[in-house]
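First comes the structure, then the notes that go with it.
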Amino acid sequence: MDCGMRLLFIHSDHLEFEAREKAGPDSLAETEGVPMEGRMEECVTAFISVESDDEEDVEGVVENALTELRDVTGQLNTQNVVLYPYAHLSEDLASPDAAKQVMQDLETELEAESYEVLRAPFGWYKSFEVSCKGHPLSELSRHVAHHRDEEKDEEELDREPSDWKVMHPGGETDDAVTAKADTSEDMQAFIEDEVEDVVASPGEEPPHLQIMKEKELVGYDDLSDVGNLRFYPRGKLIRDALMDYVNDLVVDYGGMPVETPIMYDLGARCIDEHAGKFGERQYRFESGDRRMMLRFAACFGQFSIMRDMHISENDLPLRIYEMSTYSFRREQKGEVTGLKRLRAFTMPDMHTATGDMDQAREELMKQAKLALQTSEDLDINYEPAIRMTREFYEENEAWVEEVVDELGKSALLEIIPERHHYWSAKIDFAAIDGLGRPIENPTVQIDVESAERFDIEYTDGTDQHHPPILHYSPSGGIERVMAALLEQTATMDTPQLPTWLSPTQVRFIPVRPDQHTDYCDELADDLEAADIRVDIDDRDESVGKRIAGAETDWVPYYIIVGGDEIEGETLGVNVRADDEELDMTPAELKETVREDIADLPQQARYLPRYVSDHPNFTGN
RNA sequence: GCCGGUGUAGCUCAGACUGGCUAGAGCGAUUCCUUCGUAAGGAAUAGGUCGAGGGUUCAAAUCCCUCCACCGGCUCCA
C-alpha cells in the first residue's frame with residue numbers, strides 16, 4: 001500500500017495566506033503559536049498531509065520528512081520554508097492531534113537548524129496565493145514512510161546472517177560453500193543463488209515465458225491487475241490435471257478438503273495481526289465500512305474452522321486441506337514474472353494441528369516425503385532446504401539427520417540465529433529453472449504462534465492445549481509447478497510434456513481427409529473409450545505440414561493414416577519421446593498410452609476433436 | 001516500489017538515431033488451385049487509432065512530457 005506522509009514542494013517567488021474560518025470544531029483549529037496570516041518571499045512551500053499510519057511513529061515520520069526537506073532545500077539552495085497543512089493530498093488522514101504534533105515538531109526542528117520557517121495554522125479554511133517559479137525542480141512531491149531508515153537498517157543489521165550448511169544422507173555435514181563441489185548440478189545452482197547471491201544467466205528471460213505464449217497455454221490480461229493470468233484451454237487442462245493430481249494425493253494422505261472464503265475482515269484482531277506480518281503485500285479494499293483483505297493462502301479460513309471445532313486429542317493430527325483458488329499476494333510490480341511470481345495464484349494448502357512438537361516433527365517428515373513423491377510423479381527434480389532457528393537445530397540435530405536420510409538426498413541447511421517468522425522450522429523444495437535459478441515449490445513448516453493467536457485448542461479430556469500447526473503445500477503453487485515443468489522442457493533435446501499432461505495425447509493425420517477421416521474417427525472412438533485425449537488433424541493441408549503441426553503441438557503420439565493403415569493390421573506410431581516410428585496395433589497403442597498415464601488423473605479433451613475446428617486463441 | 005530496456009497487423013519483427021511520398025516483411029487468417037505418405041505445395045485477398053493520453057511542428061511511428069503493459073536488474077518471496 002502507498003502510505004505515509006505526503007509532501008508537495010513548490011519553489012515559490014512568494015507565498016501568502018490568511019486564515020478565514022475554522023474548518024471543524026473549535027478544539028481542532030490551531031490558534032496559538034501560529035500566525036493567522038503571513039507572507040514569505042523566495043521560499044519553498046511544503047504542502048503537507050499526515051496519513052493515518054504515520055501515527056504509529058510520529059517521531060520517525062518527522063525525522064524522515066526533515067531528511068526530505070533538507071534534501072529539497074539543499075537542491076533549491078534556500079533556507080526559507082513554509083509549512084502548510086494541506087489535507088487534500090491525503091487518502092487517509094491522521095487524527096488532527098497527530099497531524100498538529102507533526103507540524104509543530106517540524107517547525108521546531110527546522111528552526112533549530114536555523115531555517116526561516118513560516119507555519120500556516122492547522123484546522124482553518126485559508127486563502128492563499130503562491131507564485132511558482134516554474135523551473136524543472138520547482139514542483140516536487142514526496143512520500144515519507146514512518147519507519148525510520150536507520151531503524152530499518154538497524155533491524156537488518158540485527159538480523160545476523162544465517163549459517164549455511166549442506167547435510168548429506170548419513171549425517172555428514174559441511175559448510176555449504178565448501179561442500180558445493182560435491183553436490184549435484186542443481187544443488188550447486190541452488191547454493192550459488194541462496195548462499196552466494198550469484199545471479200544465474202543475468203539478463204536472460206526464463207524460457208517458460210515464451211513457451212506459455214507460443215503453445216497457447218497462458219496469457220496476460222491488460223484488463224486485470226499485474227500478475228493475474230488467464231489460461232487458454234490447453235493451459236487450463238494442464239492446470240486442472242495438476243490440481244486433480246494434488247487433490248488426490250493429499251486426500252489419499254488424509255487431508256480433509258474444505259473450501260473457505262477468499263476475503264477477511266481486518267477489524268478482527270487475529271486477522272490484522274497475522275496480516276500485519278506481510279506488510280504491504282496484500283490486496284486491501286473497503287467493503288461498506290469494513291476494511292477487508294484478500295487471503296494470501298488458506299490459513300485464515302482453515303484456522304477459523306479449527307477455532308470453531310471441538311478438537312479432541314484423538315482427532316490429531318487433524319489435517320484440513322484446500323486448493324486455494326485463488327491466493328493473492330500483492331507483490332511489488334517489478335517482482336512479478338510469467339508463471340513464477342504472481343499476484344493471484346493457486347496454492348494447495350493443508351494445515352495440520354498436532355498434539356505436541358514430537359507429533360509435529362513426525363508429521364513434518366511424512367509430509368516432506370510426500371512432497372518428494374510429487375517430484376517423482378511430475379518428473380521435476382527438487383533440491384531440499386531445511387531452514388530452522390539455531391535453537392531448533394541444536395535441540396533436534398539427530399532428528400534433522402534422520403530427515404535427510406529419509407529424503408535420501410543432500411539438503412541445504414539454513415540455520416537462522418533468531419526466529420523472526422511464525423515458524424521455527426521448515427523444509428522447502430526448489431526446482432532449478434532453465435537459467436539455473438531456483439523455483440521454490442513444495443514447503444512444509446511448523447507454526448508455533450498461530451494456535452494461540454487464533455484461539456485454536458484441543459482437549460485431552462481434562463486440559464486444553466494449543467496445538468503446533470503445520471502449514472503444507474505438497475506441490476507448491478500450481479502455476480509454479482507449471483513454470484517448473486515448462487522450464488524443464490527448455491533443456492530437452494525433444495521438448496515435451498509428460499503424456500498425462502499433454503493436451504493432445506494421440507493425433508491421427510489422415511493422408512486424404514476426405515477418404516481417411518472416417519477410419520481415424522473409429523480409431524479415436526476406441527481410444528476415447530479408454531479416456532485418452534485424441535484429435536484428428538483433418539485440415540486440408542499437406543501431410544508434411546500437419547506433421548510439423550503435431551511436432552510443434554508436442555503431441556506425444558501421432559499417426560499418419562492412409563490406405564495402408566486401413567487395410568493393414570498395424571499403425572506407424574510416431575513416438576516423440578523416443579524420436580522414432582513404431583509399428584503397433586491399435587490395441588497396443590492404447591495400452592502404451594495407458595501405461596504412460598498409469599494412475600495419474602485424466603481429463604477429457606478440452607478442444608474439439610477435429611483440428612480444423614480449433615480456434616486460434618493467440619494467433620500462433 | 002526504484003533504475004534501465006521494450007511496445008508497429010492475430011503472432012514474430014523491419015522502419016525510429018537524422019521528423020517528410022500511400023508504414024513494410026514472414027508466419028497466421030480468408031478464398032481459390034493442388035489431393036498430397038513422415039517437419040511447413042502454389043496464388044490472390046483482407047488485415048494497422050504505430051501501447052494510451054497530451055505537447056512541439058507546416059508535417060510525428062519517428063522529437064518532448066505523463067500514464068499503462070511487458071522484459072531485465074535492485075529489493076522482496078511470510
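Note on naming: letters A, B, ... go to the chains in the order of the sequence lines (proteins, then strands), and numbering restarts at 1 for each one.
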Would you list the protein and nucleotides 2-6 of chain B atom pairs, both N or O, that sit under 3.5 Å from each other?
none

Mind listing the N/O atom pairs, protein and nucleotides 40-48 of chain B, below 3.5 Å?
from	atom 1	to	atom 2	distance (Å)
B:rG41	OP2	A:Ser542	OG	2.7

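Remark: A:Tyr220 is in phosphate contact with B:rC71, judged by side-chain N or O atoms under 4.0 Å from OP1 or OP2.
Between A:Arg387 and A:Asp428, at least one side-chain nitrogen of the basic residue sits less than 4.0 Å from a carboxylate oxygen of the acidic one, meeting the salt-bridge criterion.
A:Arg437 comes within 4.0 angstrom of sugar-phosphate atoms only, judged by non-hydrogen atoms across all strands, and of no base.
Below the 3.5 angstrom threshold, one finds a donor paired with an acceptor across the side chain of A:Arg341 and the base of B:rC76. In the interface, the side chain of A:Glu335 is not paired with the base of B:rG73 through any donor and acceptor atom under 3.5 Å apart.
Ranking B:rC76, B:rA39, B:rG73 by closeness to the A:Pro202 side chain, first place goes to B:rG73.
Shown are A:Tyr422, A:Phe296, A:Phe300, A:Tyr321; of these, the ring pair (Phe, Tyr, Trp, His ring centres under 6.0 Å) with A:His471 is made only by A:Tyr422.
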Handout entry: A:Phe303 vs A:His351, ring pair (Phe, Tyr, Trp, His ring centres under 6.0 Å): CA-CA, chis, key distance, verdict
Key = CA-CA 8 Å; A:Phe303 288 165; A:His351 291 87; 5.0 Å; yes

Exercise for the section: Could you walk me through whether A:Asp553 and A:Lys215 pass the salt bridge (charged side-chain N to carboxylate O under 4.0 Å, His left out) test, one step at a time? Expected result: CA-CA 7 Å; A:Asp553 284 350; A:Lys215 306 296 174 196; over 6 Å; no

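Between the side chains of A:Ser502 and A:Thr499, not a single donor N or O lies within less than 3.5 Å of an accepting N or O.
Stem regions for RNA chain B, each three or more consecutive Watson-Crick or G-U pairs with both distances under 3.5 Å and listed by first number, read B:1-7 with B:68-74, B:10-13 with B:24-27, B:29-33 with B:41-45, B:51-55 with B:63-67.
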